[in-house]
Amino acid sequence: MIMRGQRINDRYQIIKSIGEGGMANVYLALDTILDRNVAVKVLRGDLANDDKFVRRFQREALSASSLSHPNIVEVYDVGEDNGNYYIVMEYIEGKQLKELLKKRDKLTLSEVIDIMLQITDGMSVAHDAYIIHRDIKPQNIMILDNGMVKITDFGIAMAMNSTQLTQTNSVMGSVHYLPPEQASGKSATLQSDIYSMGILMYELLTGKLPYKGDNAVEIALKHLKEPFPSVRNEVPDIPQAVENIILKATAKNPKNRYADAKEMYNDLKTCLDESREKEEKIKFKYPEGDSEAAVVKDLKKKTSLDDEGNVIAKQVTNDDVKKDNKIVLILATIFVGILAIITAIIVLLPLMTNAKEVKVPDVTGMSQSEAVKELQDAGFKVADDMEEIASDDVEEGKIVKSKPVAGTKKTKGTEVTLYVSSGNATYQLEDYTGKNYLTVQGTLEAYGIYVLIEKKDVDEPEKYEGSEVIGQSVAAGERVAAKDTVTLYIPNITVKYPDFSTYTVDQVKEFCEKNNVNLVINPEGATKGAITKQSRPAGTTVAAGTTLTITVDTTQEAEDDCTGDFCGE
(Lines give C-alpha, C1' and ligand atoms only; values in the text may rest on other atoms or scores of the structure.)
Protein backbone atom coordinates (compact mmCIF):
# COMPACT_ATOMS: atom_id res chain seq x y z
CA MET A 1 0.00 0.00 0.00
CA ILE A 2 1.26 3.49 -0.89
CA MET A 3 1.40 5.73 2.21
CA ARG A 4 1.35 9.52 2.53
CA GLY A 5 4.90 10.87 2.52
CA GLN A 6 6.26 7.80 0.71
CA ARG A 7 8.53 8.50 -2.27
CA ILE A 8 8.19 6.68 -5.59
CA ASN A 9 11.51 6.25 -7.38
CA ASP A 10 13.02 8.58 -4.74
CA ARG A 11 11.37 11.50 -6.57
CA TYR A 12 7.56 11.60 -6.32
CA GLN A 13 6.45 12.27 -2.73
CA ILE A 14 2.89 11.05 -2.14
CA ILE A 15 0.57 13.74 -0.72
CA LYS A 16 -2.80 11.97 -0.72
CA SER A 17 -5.02 9.48 -2.55
CA ILE A 18 -7.28 11.12 -5.13
CA GLY A 19 -8.95 8.14 -6.82
CA GLU A 20 -9.26 4.38 -7.15
CA GLY A 21 -9.89 2.45 -10.36
CA GLY A 22 -10.30 -1.12 -11.48
CA MET A 23 -6.64 -1.42 -12.46
CA ALA A 24 -4.83 1.32 -10.58
CA ASN A 25 -4.96 3.81 -7.73
CA VAL A 26 -4.21 7.50 -8.32
CA TYR A 27 -2.31 9.77 -5.93
CA LEU A 28 -1.50 13.45 -5.75
CA ALA A 29 2.27 13.74 -5.40
CA LEU A 30 5.01 16.34 -5.39
CA ASP A 31 7.75 16.02 -8.01
CA THR A 32 10.67 16.92 -5.75
CA ILE A 33 13.02 17.56 -8.68
CA LEU A 34 10.84 19.87 -10.79
CA ASP A 35 8.95 21.22 -7.74
CA ARG A 36 5.45 20.68 -9.13
CA ASN A 37 2.34 18.69 -8.28
CA VAL A 38 1.69 15.58 -10.37
CA ALA A 39 -0.78 12.71 -10.46
CA VAL A 40 0.77 9.26 -10.01
CA LYS A 41 -1.18 6.22 -11.17
CA VAL A 42 0.08 3.05 -9.45
CA LEU A 43 -0.94 -0.45 -10.53
CA ARG A 44 -2.91 -2.14 -7.75
CA GLY A 45 -0.80 -4.45 -5.60
CA ASP A 46 -2.97 -7.50 -6.25
CA LEU A 47 -2.43 -7.06 -10.01
CA ALA A 48 1.29 -6.17 -10.02
CA ASN A 49 2.25 -9.85 -10.00
CA ASP A 50 0.00 -10.65 -12.95
CA ASP A 51 1.98 -10.37 -16.19
CA LYS A 52 -1.20 -9.79 -18.24
CA PHE A 53 -2.22 -6.76 -16.22
CA VAL A 54 1.33 -5.38 -16.14
CA ARG A 55 1.55 -5.58 -19.93
CA ARG A 56 -1.79 -3.81 -20.32
CA PHE A 57 -0.75 -1.14 -17.82
CA GLN A 58 2.51 -0.54 -19.68
CA ARG A 59 0.66 -0.32 -23.00
CA GLU A 60 -1.53 2.37 -21.47
CA ALA A 61 1.56 4.39 -20.61
CA LEU A 62 3.19 3.94 -23.99
CA SER A 63 0.11 4.92 -25.98
CA ALA A 64 -0.67 7.95 -23.79
CA SER A 65 2.92 9.21 -23.59
CA SER A 66 3.04 9.69 -27.36
CA LEU A 67 0.22 12.25 -27.26
CA SER A 68 0.82 15.96 -26.77
CA HIS A 69 -2.13 18.38 -26.90
CA PRO A 70 -3.57 21.03 -24.54
CA ASN A 71 -6.84 19.07 -24.30
CA ILE A 72 -5.19 15.74 -23.38
CA VAL A 73 -3.75 15.02 -19.95
CA GLU A 74 0.02 14.87 -20.41
CA VAL A 75 2.08 11.84 -19.35
CA TYR A 76 5.46 12.79 -17.86
CA ASP A 77 7.09 9.56 -16.72
CA VAL A 78 6.66 5.77 -16.64
CA GLY A 79 8.51 3.27 -14.47
CA GLU A 80 8.69 0.59 -11.78
CA ASP A 81 9.89 0.99 -8.21
CA ASN A 82 10.09 -1.93 -5.76
CA GLY A 83 7.35 -3.78 -7.59
CA ASN A 84 5.15 -0.68 -7.98
CA TYR A 85 4.38 0.00 -11.64
CA TYR A 86 3.52 3.68 -12.06
CA ILE A 87 2.67 6.43 -14.54
CA VAL A 88 3.26 10.10 -13.70
CA MET A 89 0.77 12.48 -15.27
CA GLU A 90 -0.23 16.12 -15.35
CA TYR A 91 -2.25 17.00 -12.23
CA ILE A 92 -5.61 18.49 -13.19
CA GLU A 93 -7.38 20.68 -10.65
CA GLY A 94 -10.92 20.51 -12.00
CA LYS A 95 -14.06 18.39 -11.99
CA GLN A 96 -15.39 15.55 -14.11
CA LEU A 97 -17.84 16.57 -16.82
CA LYS A 98 -20.20 14.04 -15.18
CA GLU A 99 -20.16 16.11 -11.97
CA LEU A 100 -21.04 19.24 -13.95
CA LEU A 101 -23.94 17.41 -15.62
CA LYS A 102 -25.29 16.25 -12.25
CA LYS A 103 -25.16 19.82 -10.97
CA ARG A 104 -26.56 21.53 -14.09
CA ASP A 105 -28.75 18.72 -15.56
CA LYS A 106 -27.85 19.85 -19.09
CA LEU A 107 -25.64 22.49 -20.72
CA THR A 108 -26.34 25.34 -23.12
CA LEU A 109 -25.78 24.94 -26.85
CA SER A 110 -22.78 27.31 -26.91
CA GLU A 111 -21.19 25.48 -23.95
CA VAL A 112 -21.66 22.09 -25.64
CA ILE A 113 -20.19 23.28 -28.95
CA ASP A 114 -17.18 24.74 -27.10
CA ILE A 115 -16.63 21.51 -25.11
CA MET A 116 -17.04 19.26 -28.17
CA LEU A 117 -14.63 21.43 -30.21
CA GLN A 118 -11.99 20.94 -27.52
CA ILE A 119 -12.65 17.18 -27.24
CA THR A 120 -12.57 16.58 -31.01
CA ASP A 121 -9.48 18.77 -31.35
CA GLY A 122 -7.67 16.67 -28.74
CA MET A 123 -8.96 13.37 -30.13
CA SER A 124 -7.85 14.34 -33.65
CA VAL A 125 -4.24 14.18 -32.41
CA ALA A 126 -4.86 10.68 -31.00
CA HIS A 127 -6.53 9.56 -34.23
CA ASP A 128 -3.66 10.97 -36.31
CA ALA A 129 -1.43 8.63 -34.27
CA TYR A 130 -3.88 5.74 -34.85
CA ILE A 131 -4.71 5.60 -31.13
CA ILE A 132 -8.29 4.79 -30.10
CA HIS A 133 -9.46 6.00 -26.68
CA ARG A 134 -12.25 3.37 -26.45
CA ASP A 135 -13.85 4.86 -23.35
CA ILE A 136 -15.11 8.35 -24.17
CA LYS A 137 -17.67 9.31 -21.51
CA PRO A 138 -18.27 12.26 -19.12
CA GLN A 139 -16.33 10.52 -16.33
CA ASN A 140 -13.19 10.62 -18.49
CA ILE A 141 -13.48 14.30 -19.41
CA MET A 142 -12.16 16.87 -16.91
CA ILE A 143 -13.20 20.52 -17.07
CA LEU A 144 -11.19 23.25 -15.38
CA ASP A 145 -12.65 26.34 -13.73
CA ASN A 146 -11.61 28.41 -16.76
CA GLY A 147 -13.61 26.18 -19.14
CA MET A 148 -10.66 24.26 -20.55
CA VAL A 149 -11.30 20.57 -21.23
CA LYS A 150 -8.87 17.71 -20.59
CA ILE A 151 -9.36 14.15 -21.89
CA THR A 152 -8.16 11.57 -19.36
CA ASP A 153 -7.60 7.85 -19.10
CA PHE A 154 -6.32 6.38 -22.31
CA GLY A 155 -6.14 3.24 -20.16
CA ILE A 156 -7.72 1.01 -22.76
CA ALA A 157 -6.44 2.87 -25.79
CA MET A 158 -5.14 0.67 -28.59
CA ALA A 159 -2.32 1.56 -30.98
CA MET A 160 -3.79 0.37 -34.28
CA ASN A 161 -0.39 -0.01 -35.88
CA SER A 162 0.79 -2.45 -33.20
CA THR A 163 0.47 -6.03 -34.44
CA GLN A 164 0.14 -7.29 -30.88
CA LEU A 165 -3.10 -5.40 -30.36
CA THR A 166 -5.00 -5.75 -33.63
CA GLN A 167 -5.91 -9.40 -33.24
CA THR A 168 -8.37 -9.05 -30.36
CA ASN A 169 -12.05 -8.18 -30.21
CA SER A 170 -12.54 -6.15 -27.04
CA VAL A 171 -15.71 -4.74 -25.57
CA MET A 172 -14.41 -2.33 -22.99
CA GLY A 173 -15.74 0.94 -21.57
CA SER A 174 -19.28 1.83 -20.59
CA VAL A 175 -22.19 0.14 -22.37
CA HIS A 176 -24.10 3.46 -22.54
CA TYR A 177 -21.50 4.77 -25.01
CA LEU A 178 -20.81 1.45 -26.75
CA PRO A 179 -20.68 1.50 -30.59
CA PRO A 180 -22.85 -1.16 -32.33
CA GLU A 181 -19.85 -2.82 -33.97
CA GLN A 182 -18.25 -3.44 -30.57
CA ALA A 183 -21.54 -4.68 -29.13
CA SER A 184 -21.50 -7.34 -31.87
CA GLY A 185 -17.97 -8.42 -30.94
CA LYS A 186 -15.99 -6.62 -33.65
CA SER A 187 -12.76 -4.68 -33.14
CA ALA A 188 -12.81 -1.00 -32.23
CA THR A 189 -11.84 1.55 -34.89
CA LEU A 190 -11.33 5.30 -34.96
CA GLN A 191 -15.05 5.59 -35.74
CA SER A 192 -15.89 3.80 -32.50
CA ASP A 193 -14.64 6.92 -30.69
CA ILE A 194 -16.80 9.04 -33.02
CA TYR A 195 -19.93 7.12 -31.94
CA SER A 196 -19.10 7.60 -28.24
CA MET A 197 -18.52 11.34 -28.82
CA GLY A 198 -21.93 11.57 -30.51
CA ILE A 199 -23.59 9.94 -27.47
CA LEU A 200 -21.69 12.34 -25.20
CA MET A 201 -22.85 15.38 -27.22
CA TYR A 202 -26.47 14.19 -27.02
CA GLU A 203 -26.16 13.73 -23.24
CA LEU A 204 -24.66 17.20 -22.73
CA LEU A 205 -27.50 18.86 -24.65
CA THR A 206 -30.40 16.87 -23.18
CA GLY A 207 -29.14 15.70 -19.79
CA LYS A 208 -30.21 12.17 -20.79
CA LEU A 209 -28.71 9.02 -22.26
CA PRO A 210 -30.26 7.88 -25.57
CA TYR A 211 -30.65 4.23 -24.58
CA LYS A 212 -31.63 2.77 -21.22
CA GLY A 213 -32.37 -0.77 -20.06
CA ASP A 214 -32.54 -3.13 -17.09
CA ASN A 215 -29.10 -4.57 -17.79
CA ALA A 216 -26.03 -4.10 -19.97
CA VAL A 217 -27.09 -6.68 -22.59
CA GLU A 218 -30.44 -4.97 -23.16
CA ILE A 219 -28.74 -1.59 -23.64
CA ALA A 220 -26.19 -3.10 -26.04
CA LEU A 221 -29.01 -4.57 -28.14
CA LYS A 222 -30.67 -1.14 -28.32
CA HIS A 223 -27.45 0.33 -29.70
CA LEU A 224 -27.68 -2.31 -32.41
CA LYS A 225 -31.39 -2.26 -33.23
CA GLU A 226 -33.15 0.95 -32.18
CA PRO A 227 -33.06 4.20 -34.19
CA PHE A 228 -31.19 7.03 -32.52
CA PRO A 229 -33.60 9.44 -30.75
CA SER A 230 -33.92 13.00 -32.06
CA VAL A 231 -32.18 15.62 -29.95
CA ARG A 232 -34.65 18.18 -31.34
CA ASN A 233 -37.53 16.29 -29.71
CA GLU A 234 -35.85 16.96 -26.36
CA VAL A 235 -34.56 20.49 -27.11
CA PRO A 236 -36.68 21.93 -29.95
CA ASP A 237 -34.58 25.07 -30.53
CA ILE A 238 -31.47 23.05 -31.44
CA PRO A 239 -30.49 23.85 -35.08
CA GLN A 240 -30.82 21.00 -37.58
CA ALA A 241 -27.11 21.38 -38.40
CA VAL A 242 -26.27 20.47 -34.78
CA GLU A 243 -28.60 17.46 -34.77
CA ASN A 244 -27.03 16.33 -38.04
CA ILE A 245 -23.62 16.19 -36.35
CA ILE A 246 -25.01 13.92 -33.62
CA LEU A 247 -26.86 11.72 -36.15
CA LYS A 248 -23.77 11.37 -38.33
CA ALA A 249 -21.54 10.57 -35.35
CA THR A 250 -23.97 7.93 -34.01
CA ALA A 251 -24.78 6.24 -37.33
CA LYS A 252 -25.04 2.49 -36.81
CA ASN A 253 -23.16 1.84 -40.04
CA PRO A 254 -19.58 3.13 -39.51
CA LYS A 255 -19.43 4.05 -43.22
CA ASN A 256 -21.98 6.79 -42.52
CA ARG A 257 -19.97 8.30 -39.64
CA TYR A 258 -17.14 10.83 -39.69
CA ALA A 259 -13.87 9.23 -40.80
CA ASP A 260 -12.07 10.58 -37.73
CA ALA A 261 -12.22 13.24 -35.00
CA LYS A 262 -10.73 15.94 -37.27
CA GLU A 263 -13.64 15.65 -39.69
CA MET A 264 -16.13 15.97 -36.82
CA TYR A 265 -14.18 18.98 -35.47
CA ASN A 266 -14.40 20.76 -38.83
CA ASP A 267 -18.17 20.19 -38.96
CA LEU A 268 -18.60 21.55 -35.42
CA LYS A 269 -16.73 24.74 -36.34
CA THR A 270 -19.41 25.83 -38.82
CA CYS A 271 -22.60 24.31 -37.38
CA LEU A 272 -23.86 27.66 -36.02
CA ASP A 273 -23.08 29.68 -39.17
CA GLU A 274 -25.89 31.57 -40.90
CA SER A 275 -25.17 29.59 -44.07
CA ARG A 276 -26.36 26.41 -42.31
CA GLU A 277 -29.52 27.81 -40.71
CA LYS A 278 -31.80 26.10 -43.28
CA GLU A 279 -29.88 22.84 -43.44
CA GLU A 280 -32.05 19.76 -44.07
CA LYS A 281 -31.95 16.59 -41.98
CA ILE A 282 -29.05 14.36 -42.96
CA LYS A 283 -29.62 11.39 -45.29
CA PHE A 284 -27.15 8.53 -45.12
CA LYS A 285 -25.38 7.24 -48.21
CA TYR A 286 -25.13 3.66 -46.94
CA PRO A 287 -27.95 1.50 -45.44
CA GLU A 288 -28.19 1.61 -41.66
CA GLY A 289 -30.01 -1.69 -41.07
CA ASP A 290 -29.16 -3.97 -43.95
CA SER A 291 -27.00 -6.26 -41.84
CA GLU A 292 -28.98 -5.92 -38.59
CA ALA A 293 -30.58 -9.38 -38.74
CA ALA A 294 -27.23 -11.02 -39.41
CA VAL A 295 -25.61 -9.06 -36.59
CA VAL A 296 -28.27 -10.05 -34.05
CA LYS A 297 -27.97 -13.66 -35.17
CA ASP A 298 -24.22 -13.39 -34.76
CA LEU A 299 -24.70 -12.26 -31.15
CA LYS A 300 -25.76 -15.78 -30.20
CA LYS A 301 -22.36 -17.19 -30.94
CA LYS A 302 -19.88 -14.32 -30.70
CA THR A 303 -17.91 -13.74 -27.58
CA SER A 304 -15.83 -10.66 -26.77
CA LEU A 305 -12.28 -11.15 -25.59
CA ASP A 306 -10.06 -8.86 -23.61
CA ASP A 307 -6.58 -7.84 -24.77
CA GLU A 308 -5.16 -11.12 -23.48
CA GLY A 309 -7.78 -13.36 -25.10
CA ASN A 310 -9.93 -13.98 -22.00
CA VAL A 311 -13.72 -14.02 -22.24
CA ILE A 312 -15.16 -10.83 -20.77
CA ALA A 313 -18.68 -10.51 -22.22
CA LYS A 314 -20.83 -12.90 -24.24
CA GLN A 315 -23.24 -11.16 -26.63
CA VAL A 316 -26.80 -12.52 -26.40
CA THR A 317 -30.36 -12.05 -27.64
CA ASN A 318 -33.50 -10.97 -25.76
CA ASP A 319 -34.27 -14.63 -24.93
CA ASP A 320 -30.87 -14.83 -23.31
CA VAL A 321 -31.70 -11.71 -21.29
CA LYS A 322 -34.62 -13.58 -19.67
CA LYS A 323 -32.31 -16.52 -18.98
CA ASP A 324 -29.78 -14.14 -17.39
CA ASN A 325 -32.49 -12.75 -15.10
CA LYS A 326 -33.27 -16.28 -13.85
CA ILE A 327 -29.58 -16.87 -13.19
CA VAL A 328 -29.38 -13.59 -11.25
CA LEU A 329 -32.33 -14.72 -9.09
CA ILE A 330 -30.67 -18.06 -8.35
CA LEU A 331 -27.35 -16.38 -7.49
CA ALA A 332 -29.14 -13.89 -5.25
CA THR A 333 -30.81 -16.75 -3.36
CA ILE A 334 -27.46 -18.49 -2.89
CA PHE A 335 -25.89 -15.23 -1.71
CA VAL A 336 -28.63 -14.68 0.90
CA GLY A 337 -28.13 -18.24 2.14
CA ILE A 338 -24.38 -17.77 2.49
CA LEU A 339 -24.93 -14.46 4.29
CA ALA A 340 -27.29 -16.15 6.76
CA ILE A 341 -24.70 -18.88 7.48
CA ILE A 342 -21.93 -16.31 8.04
CA THR A 343 -24.18 -14.29 10.36
CA ALA A 344 -25.03 -17.39 12.33
CA ILE A 345 -21.35 -18.27 12.71
CA ILE A 346 -20.48 -14.75 13.92
CA VAL A 347 -23.33 -14.65 16.43
CA LEU A 348 -23.37 -18.26 17.64
CA LEU A 349 -19.69 -19.25 17.60
CA PRO A 350 -18.73 -17.20 20.69
CA LEU A 351 -21.69 -18.73 22.54
CA MET A 352 -20.78 -22.24 21.42
CA THR A 353 -17.14 -21.93 22.40
CA ASN A 354 -17.84 -20.03 25.63
CA ALA A 355 -15.03 -17.64 24.73
CA LYS A 356 -14.74 -15.01 27.45
CA GLU A 357 -14.86 -11.38 26.34
CA VAL A 358 -13.27 -8.57 28.37
CA LYS A 359 -12.99 -4.81 27.89
CA VAL A 360 -9.81 -3.39 26.36
CA PRO A 361 -8.18 -1.25 29.11
CA ASP A 362 -7.68 2.48 28.53
CA VAL A 363 -3.90 2.96 28.44
CA THR A 364 -3.89 6.56 27.13
CA GLY A 365 -1.08 8.63 28.70
CA MET A 366 0.78 5.58 30.07
CA SER A 367 4.39 4.80 29.31
CA GLN A 368 4.96 1.99 26.84
CA SER A 369 6.00 -0.51 29.53
CA GLU A 370 3.00 0.38 31.73
CA ALA A 371 0.60 -0.03 28.82
CA VAL A 372 2.04 -3.41 27.80
CA LYS A 373 1.75 -4.73 31.37
CA GLU A 374 -1.82 -3.44 31.74
CA LEU A 375 -2.94 -5.14 28.54
CA GLN A 376 -1.16 -8.42 29.24
CA ASP A 377 -2.63 -8.57 32.75
CA ALA A 378 -6.08 -8.23 31.15
CA GLY A 379 -5.34 -11.23 28.92
CA PHE A 380 -4.48 -9.45 25.66
CA LYS A 381 -1.51 -9.92 23.36
CA VAL A 382 0.42 -6.73 22.46
CA ALA A 383 1.70 -6.30 18.88
CA ASP A 384 5.52 -6.22 18.63
CA ASP A 385 5.50 -3.11 16.41
CA MET A 386 4.04 0.11 17.77
CA GLU A 387 2.79 2.92 15.53
CA GLU A 388 3.92 6.55 15.89
CA ILE A 389 1.35 9.33 15.73
CA ALA A 390 1.57 13.11 16.31
CA SER A 391 -0.45 14.43 19.26
CA ASP A 392 -1.02 17.86 20.79
CA ASP A 393 -2.38 16.38 24.04
CA VAL A 394 -0.08 13.44 24.86
CA GLU A 395 3.61 14.00 25.53
CA GLU A 396 6.19 12.35 23.34
CA GLY A 397 6.79 8.65 24.10
CA LYS A 398 3.44 8.09 25.87
CA ILE A 399 0.50 6.08 24.54
CA VAL A 400 -2.10 8.03 22.52
CA LYS A 401 -4.57 5.23 21.76
CA SER A 402 -4.90 1.54 21.03
CA LYS A 403 -6.48 -0.61 18.36
CA PRO A 404 -9.01 -2.10 19.19
CA VAL A 405 -10.02 1.08 21.05
CA ALA A 406 -10.36 1.21 24.81
CA GLY A 407 -13.69 0.00 26.18
CA THR A 408 -14.56 -2.41 23.36
CA LYS A 409 -15.13 -6.05 24.33
CA LYS A 410 -12.77 -8.59 22.80
CA THR A 411 -11.92 -12.20 23.55
CA LYS A 412 -8.79 -12.88 25.59
CA GLY A 413 -5.73 -13.38 23.40
CA THR A 414 -6.77 -10.69 20.89
CA GLU A 415 -3.78 -8.71 19.59
CA VAL A 416 -3.75 -4.98 20.47
CA THR A 417 -1.67 -2.39 18.60
CA LEU A 418 -0.40 0.64 20.54
CA TYR A 419 0.01 4.15 19.11
CA VAL A 420 2.86 6.16 20.62
CA SER A 421 2.98 9.98 20.61
CA SER A 422 5.70 11.54 18.47
CA GLY A 423 4.95 14.90 20.02
CA ASN A 424 3.37 18.00 18.55
CA ALA A 425 4.50 17.92 14.92
CA THR A 426 5.36 21.41 13.64
CA TYR A 427 6.61 22.72 10.34
CA GLN A 428 8.70 25.84 9.73
CA LEU A 429 7.31 28.00 6.92
CA GLU A 430 9.48 29.39 4.16
CA ASP A 431 9.08 32.59 2.16
CA TYR A 432 6.87 31.30 -0.66
CA THR A 433 6.80 34.54 -2.66
CA GLY A 434 7.15 33.84 -6.38
CA LYS A 435 6.55 30.08 -6.09
CA ASN A 436 3.65 28.26 -7.76
CA TYR A 437 0.78 28.22 -5.26
CA LEU A 438 -0.26 24.65 -6.21
CA THR A 439 3.19 23.33 -5.31
CA VAL A 440 3.21 25.18 -1.98
CA GLN A 441 -0.33 24.05 -1.22
CA GLY A 442 0.54 20.40 -1.88
CA THR A 443 3.65 20.58 0.31
CA LEU A 444 1.81 22.12 3.28
CA GLU A 445 -1.21 19.83 3.00
CA ALA A 446 1.14 16.85 3.15
CA TYR A 447 1.86 17.94 6.73
CA GLY A 448 -1.85 18.20 7.55
CA ILE A 449 -1.91 22.02 7.34
CA TYR A 450 -5.07 23.63 6.00
CA VAL A 451 -4.33 25.92 3.06
CA LEU A 452 -6.63 28.68 1.79
CA ILE A 453 -6.08 30.45 -1.54
CA GLU A 454 -7.16 34.08 -1.88
CA LYS A 455 -6.87 36.36 -4.89
CA LYS A 456 -5.54 39.85 -4.25
CA ASP A 457 -5.70 42.89 -6.52
CA VAL A 458 -2.32 44.07 -7.83
CA ASP A 459 -1.24 47.41 -9.33
CA GLU A 460 0.45 46.04 -12.47
CA PRO A 461 -1.28 42.74 -13.38
CA GLU A 462 0.67 42.39 -16.63
CA LYS A 463 3.80 41.60 -14.57
CA TYR A 464 2.25 38.43 -13.11
CA GLU A 465 1.44 35.02 -14.52
CA GLY A 466 -1.42 34.44 -12.07
CA SER A 467 -0.21 31.28 -10.31
CA GLU A 468 2.63 32.72 -8.21
CA VAL A 469 2.36 33.47 -4.48
CA ILE A 470 2.50 37.19 -3.69
CA GLY A 471 1.95 36.93 0.07
CA GLN A 472 1.17 34.61 2.99
CA SER A 473 -0.81 34.98 6.23
CA VAL A 474 1.91 33.40 8.40
CA ALA A 475 5.40 34.87 8.04
CA ALA A 476 8.43 32.88 6.91
CA GLY A 477 10.27 31.31 9.84
CA GLU A 478 7.11 30.81 11.93
CA ARG A 479 6.19 27.25 12.90
CA VAL A 480 2.74 25.73 12.31
CA ALA A 481 1.27 22.38 13.26
CA ALA A 482 -1.23 19.99 11.68
CA LYS A 483 -4.74 21.51 11.44
CA ASP A 484 -3.34 25.07 11.52
CA THR A 485 -4.46 27.30 8.63
CA VAL A 486 -2.21 29.22 6.25
CA THR A 487 -3.59 31.56 3.58
CA LEU A 488 -1.66 32.01 0.35
CA TYR A 489 -2.33 35.14 -1.70
CA ILE A 490 -2.14 35.08 -5.49
CA PRO A 491 -2.65 37.96 -7.99
CA ASN A 492 -6.20 38.65 -9.16
CA ILE A 493 -5.72 38.72 -12.92
CA THR A 494 -8.71 38.54 -15.23
CA VAL A 495 -8.95 39.42 -18.91
CA LYS A 496 -12.37 40.23 -20.38
CA TYR A 497 -13.56 39.84 -23.96
CA PRO A 498 -14.03 43.27 -25.62
CA ASP A 499 -16.70 44.19 -28.17
CA PHE A 500 -14.96 43.06 -31.36
CA SER A 501 -17.26 45.04 -33.67
CA THR A 502 -14.67 47.84 -33.63
CA TYR A 503 -11.72 45.48 -34.19
CA THR A 504 -10.11 44.33 -37.41
CA VAL A 505 -9.59 40.61 -38.04
CA ASP A 506 -5.83 41.02 -37.49
CA GLN A 507 -6.44 42.72 -34.13
CA VAL A 508 -8.70 39.85 -33.02
CA LYS A 509 -5.99 37.38 -34.05
CA GLU A 510 -3.45 39.30 -31.96
CA PHE A 511 -5.81 39.30 -28.95
CA CYS A 512 -6.37 35.53 -29.22
CA GLU A 513 -2.66 34.73 -29.64
CA LYS A 514 -1.76 36.77 -26.55
CA ASN A 515 -4.44 35.08 -24.41
CA ASN A 516 -4.01 31.53 -25.82
CA VAL A 517 -7.54 31.41 -27.30
CA ASN A 518 -8.36 29.28 -30.36
CA LEU A 519 -9.87 31.49 -33.09
CA VAL A 520 -12.40 30.35 -35.71
CA ILE A 521 -13.24 32.86 -38.46
CA ASN A 522 -16.44 32.60 -40.52
CA PRO A 523 -16.30 32.62 -43.44
CA GLU A 524 -13.04 30.68 -43.30
CA GLY A 525 -10.07 32.64 -44.61
CA ALA A 526 -11.70 36.08 -44.27
CA THR A 527 -9.08 38.73 -43.53
CA LYS A 528 -11.02 41.98 -43.98
CA GLY A 529 -14.49 43.25 -43.19
CA ALA A 530 -16.72 44.21 -40.27
CA ILE A 531 -17.02 41.74 -37.38
CA THR A 532 -20.76 41.22 -36.85
CA LYS A 533 -20.87 38.30 -34.39
CA GLN A 534 -18.72 36.85 -31.63
CA SER A 535 -19.40 33.59 -29.75
CA ARG A 536 -18.01 34.98 -26.46
CA PRO A 537 -20.03 38.03 -25.31
CA ALA A 538 -18.16 41.23 -24.44
CA GLY A 539 -17.37 41.42 -20.72
CA THR A 540 -17.06 37.65 -20.16
CA THR A 541 -13.83 36.27 -18.72
CA VAL A 542 -11.19 34.94 -21.11
CA ALA A 543 -10.09 31.34 -20.44
CA ALA A 544 -6.92 29.96 -22.05
CA GLY A 545 -7.46 27.00 -24.37
CA THR A 546 -11.10 27.80 -25.22
CA THR A 547 -12.45 28.69 -28.66
CA LEU A 548 -13.74 32.04 -29.95
CA THR A 549 -15.74 32.18 -33.18
CA ILE A 550 -16.21 35.46 -35.05
CA THR A 551 -18.35 36.18 -38.10
CA VAL A 552 -16.95 38.64 -40.66
CA ASP A 553 -19.12 40.52 -43.14
CA THR A 554 -16.71 40.88 -46.05
CA THR A 555 -19.03 43.38 -47.76
CA GLN A 556 -18.57 45.96 -44.97
CA GLU A 557 -15.51 47.85 -43.82
CA ALA A 558 -14.48 47.63 -40.13
CA GLU A 559 -15.30 50.75 -38.09
CA ASP A 560 -12.33 53.01 -37.49
CA ASP A 561 -12.98 53.93 -33.85
CA CYS A 562 -11.14 51.10 -32.08
CA THR A 563 -9.88 52.08 -28.62
CA GLY A 564 -8.76 48.73 -27.15
CA ASP A 565 -5.24 47.59 -26.28
CA PHE A 566 -4.98 45.70 -29.57
CA CYS A 567 -6.04 48.57 -31.87
CA GLY A 568 -3.65 50.10 -34.32
CA GLU A 569 -1.92 53.37 -33.69
### Task
Please assess Leu190 against Ile132 for the test side chain to side chain contact (heavy atoms under 4.5 Å, CB included), listing each intermediate value before the final yes or no.
CA-CA 6 Å; Leu190 297 181; Ile132 311 170; 4.1 Å; yes
Indicate the atoms forming the closest heavy-atom contact of [X] with [Y], along with that distance.
X	Y	value
Arg4	Glu445	NH1-O, 4.3 Å
Ile113	Cys271	CD1-SG, 3.7 Å
Ala39	Val26	CB-CG1, 4.3 Å
Lys41	Met89	CB-CE, 3.9 Å
Glu181	Ser192	OE2-OG, 3.0 Å
Met148	Thr546	N-CG2, 4.3 Å

If I take atom [atom1] from residue [X] and atom [atom2] from residue [Y], how far apart are they, to the nearest 0.5 angstrom?
X	Y	atom1	atom2	result
Thr152	Ile92	OG1	CD1	9.0 Å
Asp260	Asn266	CG	CG	9.0 Å
Met142	Glu99	CE	CD	7.0 Å
Leu438	Ile453	CG	CD1	7.5 Å
Thr549	Leu117	OG1	CG	6.5 Å
Met123	Thr120	CE	OG1	9.5 Å

With no hydrogens and no angle check, is any side-chain donor or acceptor of [X] less than 3.5 Å from a backbone partner on [Y]?
X	Y	answer
Glu243	Val231	yes
Asn244	Glu280	yes
Arg536	Pro498	no
Lys186	Pro180	no
Gln118	Gly147	yes
His69	Val125	no
Glu288	Asn253	yes
Thr551	Lys533	no
Asp499	Ser501	yes
Glu218	Gly213	no

For [Y], is there an ion pair with [X] - N to carboxylate O distance below 4.0 angstrom?
X	Y	value
Lys98	Glu203	yes
Asp267	Arg276	yes
Glu234	Lys106	no

[Y] side chain reached by [X] side chain, heavy atoms, under 4.5 Å:
X	Y	answer
Phe511	Tyr497	yes
Ser196	Ile199	no
Lys281	Arg232	no
Asn37	Asn436	no
Arg36	Tyr76	yes
Val38	Asp77	no
Ile521	Lys509	yes
Ile141	Ile151	yes

### Task
For the pair Met201 and Val242, evaluate side chain to side chain contact (heavy atoms under 4.5 Å, CB included) and give the outcome as yes or no after the intermediate values.
CA-CA 10 Å; Met201 188 172 174; Val242 173; 3.7 Å; yes
### Query
Between Tyr211 and Lys222, is there a cation-pi geometry (under 6.0 Å to ring centre, at most 45° from the normal)?
no
#### Entry: Ring-face cation of Lys137 near Tyr177 (centre distance under 6.0 Å, axis angle within 45°)
no
### Message
Is it true that, when you exclude Asp105 itself, more than 12 heavy atoms of the residues, nucleotides or ligands shown sit nearer than 6.0 Å to its CG?
### Response
yes
### Message
Between Tyr195 and Gln182, is the side chain to side chain contact (heavy atoms under 4.5 Å, CB included) condition met? List the steps.
### Response
CA-CA 11 Å; Tyr195 185 90; Gln182 283 189 271; over 6 Å; no
### Query
Cut-off 3.5 Å, side chains only: do Gln507 and Glu510 have a donor facing an acceptor?
no
### Message
Would you say Lys496 and Thr541 are linked by a side-chain donor-acceptor pair, where the criterion is simply a distance under 3.5 Å?
### Response
yes
### Query
Given the side-chain rings of Tyr12 and Tyr27, with only the six-membered ring counted for Trp, is the space between their centroids under 6.0 Å?
no
### Task
Go through Asn492 and Lys456 one step at a time and tell me if the side chain to side chain contact (heavy atoms under 4.5 Å, CB included) criterion holds.
CA-CA 5 Å; Asn492 185 17; Lys456 199 172 184 180; 5.8 Å; no
